[in-house]
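Quick notes on the structure that follows.
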Amino acid sequence: MDRQAESTPHHLLLVEDEVALAALLEQALREDGYAVTVMHDGTEVSEWVRRNDPSLVLLDLILPGKDGLSVCREIRAFSTVPLIMITAKVEEIDRLIGLELGADDYICKPFNPREVVARVRALMRRSFDWRDSPQGTGLSLDEERFEAYWNGEALALTPVEFRLLKALSHRPGRVLSRAQLLNAIYVDHRVVSDRTVDSHIKNLRRKLQSSAAATDPIEAVYGMGYKFVID
Ligand code: CA
């Protein structure tokens, strides 16, 4: 992927309360072509993510205001944004992974900023590169027009189906629960049931399967939810 060719750089959120360390990391990320917002406190993070939809979040574990674990849980309740946890303790990493917080990667302090940039780049590649594939292969979403193209063919999707496909495809391979999908597709989901998700998914899959590609990248995971799978 040639980031320079894109109209807007990927926007990252960095949450780190050690101001000097945050500045160092911010500089390294900016030099690599990313737009970066820095926060030094956990309190406003999940609300900011909800409003601004960043491309990736780097989140320190120990933060004033609200700790990284709580913030990560809050974000995962509504978003599949790629997320890297930062921790000062190597021994914390096993525990963090055991908690199944939904972080995609972990970085230990002290770190070399260049190494962090490399990890960010790798995670961005896993998360986004397939979407930059040329027309005719894979899925392409035009979020301004609410148009979806599957292997080059336009799909006639309802707004709810479009949001479902966006949420699922945002990170291939990750299972999303029905509750997470409901959060992604409705602002207020108290009045709808899990069955609603199933019926929208059924319609979405039917449209994907009846396209010229005749393939359907959505997989049901028994007892858990759904995931988007690409080759
Ligand atoms: Ca800290």
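Remember, it's 1-based here, ligands and their atoms both numbered in the order they're listed.
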- Message: Please determine whether salt bridge (charged side-chain N to carboxylate O under 4.0 Å, His left out) holds for the pair Asp60 and Lys109, giving the CA-CA distance in whole Å, both sets of side-chain angles, and the decisive distance to 0.1 Å.
- Response: CA-CA 10 Å; Asp60 188 25; Lys109 293 179 185 173; 3.3 Å; yes
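At least one N, O or S atom of Ile62, from either the backbone or the side chain, sits less than 3.0 Å from the Ca ion (ligand 1).
For Asp17 (side chain) and Pro64 (main-chain N/O), no donor-acceptor pair under 3.5 Å exists by modelled atom type.
The closest approach of Asp60 to the Ca ion (ligand 1), by N/O/S atoms, is made by OD2. When the Ca ion (ligand 1) is compared with the N/O/S atoms of Asp17, atom OD1 turns out nearest.
Salt bridge status for Lys66 with Glu44: absent, with no side-chain N to carboxylate O gap under 4.0 Å.
Atoms NE2 and OG, from His170 and Ser79 in turn, are 6.0 Å apart once rounded to the nearest 0.5 Å.
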